[in-house]
Amino acid sequence: MSWGTELWDQFDSLDKHTQWGIDFLERYAKFVKERIEIEQNYAKQLRNLVKKYCPKRSSKDEEPRFTSCVAFFNILNELNDYAGQREVVAEEMAHRVYGELMRYAHDLKTERKMHLQEGRKAQQYLDMCWKQMDNSKKKFERECREAEKAQQSYERLDNDTNATKADVEKAKQQLNLRTHMADENKNEYAAQLQNFNGEQHKHFYVVIPQIYKQLQEMDERRTIKLSECYRGFADSERKVIPIISKCLEGMILAAKSVDERRDSQMVVDSFKSGFEPPGDFPFEDYSQHIYRTISDGTISASKQESGKMDAKTTVGKAKGKLWLFGKKPKGPALEDFSHLPPEQRRKKLQQRIDELNRELQKESDQKDALNKMKDVYEKNPQMGDPGSLQPKLAETTNNIDRLRMEIHKNEAWLSEVEGKTGGRGDRRHSSDINHLVTQGRESPEGSYTDDANQEVRGPPQQHGHHNEFDDEFEDDDPLPAIGHCKAIYPFDGHNEGTLAMKEGEVLYIIEEDKGDGWTRARRQNGEEGYVPTSYIDVTLEKNSKGAVTYI
């Protein structure tokens, strides 16, 4: 099937068809371009989405620890790689499909124009041959009519008796001339007709079939090119499918890596305070005040006066906060982390000791390197001056000494915390957020409070072999009571200077809390000591010297 034989008379139709083919090619190229823009925008939006939800890790504490968080960040990384593959698809389509289509469309237009020009030139040449043949035909026809008229004029004069011989001879010469010219035009017409027939046969059986064949081949190549571009369009995405599959597999692996047990353990490790939960509330027997004898003296009078006070004026009634579901208590961050619960304090101190040990190892390595360099300079003075290394050595030595002191200090704090957490059974951490009690006060060795209204200060501590509690109990005269309190939780009072108490026990206040989380109290039998302010409900007498009413 050939266009040259089947469509020999459809030049205009082939002109329109080939133009439609190029237009269709350019339309598909436009489609590919828009698909490329979609892929590029999709990849850009994916990258922006990943950037939006990726954590901004300004410090190590903000790095993800929970497996669910780590899995999500791994999914974000895989999604970022997936966005990169979409960009690869766009680049492949732009280079292999769109760019190739645009170049081929330009070449196709040039080739089509050339073939059509050749076809028009052949048609014009055939038209010119036809006109020459037609002109010779018309001229031959005109000369034949003139010869026929000359024949008729000669016969009329020859039969006319009145015509002279000269007129007859002249008419005969004119007849011979017209007859000769008619014969010449006849030969010319025959030659032009033969030439036209030959050119027409050549035109429709050689030239036009060849041009149409070239147009047909051009159009078939255009179709093949479209087929290749269709395949390339799909191959551009099929090439990245293995990598995309790996990205999706990475997301699935990230999902499988989520460990709820591990996350739960991390929650425990992150928020464990080390305190013991509160015990049961005992029965409060208010009838014991009725049977108190007058022999109590000043103490009973103090109690009677204290009964006139407003029961609303109590200390330590701030609502507790659970760190897991609320905000951490606000307070100054102390160097020894005494503002943290025991377990958290121990973890922070251990982390700091590890960091200091790493810094110490680094400084030690640097010192060894400097000493070796110094030895080399001393043995080979031409390589350098050993004295130039002395300032750096001194600085490194100072850093090592400083780090060792820091490590020793932190290890002492860590030993203190570990000693407390190992033998402490009286630390309470309320799980009831509606309890009007400030959570988690530690013993005199290290105070801790969740109450944002109370400033965390240095607790009563032992300095060397001297204890501040010893000074308190060296006085012979007992201090006057300035109020009374009721124990909310039991307190064992293992440490020196503390006073053990039972839940619901009523004590006399002889010295209020000075901000360290401890209140000095006295039993009815005269025994005195410090108790945690967060473990008691305090009522101070308004008229007492130094008494302060807390809200």
Side-chain angles (χ1 to χ4, degrees), residues 1-34 93-145 181-233:
M1 182 178 62
S2 174
W3 289 3
T5 57
E6 303 292 338
L7 304 175
W8 61 270
D9 58 344
Q10 298 296 322
F11 182 83
D12 293 337
S13 298
L14 293 179
D15 185 1
K16 293 179 181 179
H17 172 73
T18 52
Q19 182 61 44
W20 172 86
I22 294 176
D23 293 341
F24 182 80
L25 186 71
E26 292 179 339
R27 184 182 180 188
Y28 177 70
K30 184 179 179 182
F31 162 78
V32 175
K33 181 180 179 181
E34 292 182 2
M93 287 183 178
H95 174 71
R96 183 177 177 182
V97 182
Y98 179 73
E100 190 68 23
L101 281 174
M102 296 307 296
R103 288 190 295 270
Y104 187 76
H106 180 269
D107 296 340
L108 201 64
K109 289 179 181 179
T110 303
E111 183 180 358
R112 173 181 174 275
K113 182 178 180 180
M114 180 184 66
H115 293 323
L116 293 179
Q117 286 178 349
E118 291 178 355
R120 291 190 180 94
K121 287 181 180 179
Q123 187 66 40
Q124 290 174 359
Y125 178 73
L126 183 63
D127 292 342
M128 181 186 68
C129 293
W130 181 82
K131 288 180 180 179
Q132 291 178 353
M133 183 271 298
D134 187 61
N135 290 334
S136 62
K137 176 183 177 182
K138 290 178 179 179
K139 189 174 182 181
F140 170 62
E141 182 181 2
R142 184 174 56 255
E143 290 299 329
C144 287
R145 287 197 299 269
M181 292 182 65
D183 291 339
E184 289 182 353
N185 283 289
K186 179 180 179 180
N187 295 331
E188 179 68 20
Y189 168 63
Q192 291 294 334
L193 180 61
Q194 184 179 3
N195 180 63
F196 173 74
N197 289 333
E199 293 295 336
Q200 180 175 256
H201 184 274
K202 180 181 178 181
H203 176 81
F204 287 110
Y205 288 94
V206 179
V207 178
I208 288 298
Q210 182 65 28
I211 294 174
Y212 284 9
K213 181 181 179 181
Q214 293 174 350
L215 287 174
Q216 182 179 359
E217 291 176 353
M218 180 195 72
D219 192 71
E220 289 176 353
R221 288 199 308 271
R222 175 191 64 82
T223 305
I224 295 173
K225 192 66 177 180
L226 279 173
S227 176
E228 293 175 355
C229 291
Y230 294 160
R231 190 180 303 110
F233 184 83

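Predicted, not measured: the structure shown is a model, and the values here were computed from it.
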**Student:** Provide the closest heavy-atom pair for D219 versus H17 in the form atom of the first, atom of the second, distance.
**Tutor:**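 Where D219 meets H17 most closely, the heavy atoms are OD2-NE2, 3.3 Å.
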**Student:** Would you give the length of the straight line joining atom CZ of R221 to atom CD of E228, rounded to the nearest 0.5 angstrom?
**Tutor:** 11.5 Å
**Student:** For a quick test of reading the model, state the closest non-hydrogen atom pair linking C129 to N195 and the distance between them.
**Tutor:**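 So the minimum-distance heavy-atom pair works out to SG-ND2, 4.0 Å.
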**Student:** With heavy-atom distances below 4.5 Å as the criterion, would you say the side chains of Q214 and M218 are in contact?
**Tutor:** no
**Student:** Return the CZ to OG1 distance between R112 and T18, rounded to the nearest 0.5 Å.
**Tutor:**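 Here the rounded value is 3.5 Å.
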**Student:** Under the criterion side chain to side chain contact (heavy atoms under 4.5 Å, CB included), I'd like the reasoning laid out for F24 against R222: C-alpha separation, chi angles, the key distance, then a yes or no.
**Tutor:** CA-CA 10 Å; F24 182 80; R222 175 191 64 82; 4.2 Å; yes
**Student:** How far apart are the C-alpha atoms of D134 and K138, what are their side-chain angles, what is the distance that settles it, and do they pass the salt bridge (Lys or Arg N to Asp or Glu O under 4.0 Å) test?
**Tutor:** CA-CA 6 Å; D134 187 61; K138 290 178 179 179; 3.2 Å; yes
**Student:** Regarding R103 and E100, does a basic nitrogen lie under 4.0 Å from an acidic carboxylate oxygen?
**Tutor:** yes
**Student:** Have Q19 and D15 got a donor and an acceptor in their side chains that come within less than 3.5 Å?
**Tutor:** no
**Student:** A quick test of your reading: do over 12 heavy atoms of other residues, nucleotides or ligands sit less than 6.0 Å from OH of Y205?
**Tutor:**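 No.
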**Student:** Rounded to the nearest 0.5 Å, what's the gap from CZ on F196 to CG on D127? Could you check?
**Tutor:**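 Separation between the atoms: 8.0 Å.
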**Student:** State, to 0.1 Å, how close H115 and I211 come at their nearest heavy-atom pair, and which atoms those are.
**Tutor:**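 Here H115 and I211 meet closest at O-CG2, 3.4 Å.
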**Student:** Output the distance between atom CZ (R120) and atom CD (Q117), rounded to the nearest 0.5 Å.
**Tutor:** 7.5 Å
**Student:** How long is the span from the NZ atom in K139 to the CE atom in M181, to the nearest 0.5 Å?
**Tutor:** 6.5 Å
**Student:** Which of parallel (below 30°), tilted (30 to 60°) and perpendicular (above 60°) describes Y230 and Y28?
**Tutor:**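 Y230 and Y28: perpendicular rings.
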**Student:** For the side-chain hydrogen bond (donor to acceptor under 3.5 Å, both in side chains) test, which of H203, K202, E199 pairs with Y125?
**Tutor:** E199
**Student:** Has E220 got more than 12 heavy atoms of other residues, nucleotides or ligands less than 6.0 Å from its CD?
**Tutor:** yes
**Student:** Do the charged groups of E141 and K137 touch, with an N to O distance under 4.0 Å?
**Tutor:**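 Salt bridge: no.
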**Student:** Which value, rounded to the nearest 0.5 Å, describes the distance between E143 atom CD and K186 atom NZ?
**Tutor:**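 If we round to the nearest 0.5 Å, E143:CD and K186:NZ are 14.0 Å apart.
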**Student:** Could you check whether atom NZ of K109 has more than 12 heavy atoms from other residues, nucleotides or ligands sitting under 6.0 Å from it?
**Tutor:**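 Result for NZ/K109: open.
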**Student:** Give me the atom names and distance for the closest heavy-atom approach of Y212 to Q10.
**Tutor:** OH-C, 3.9 Å
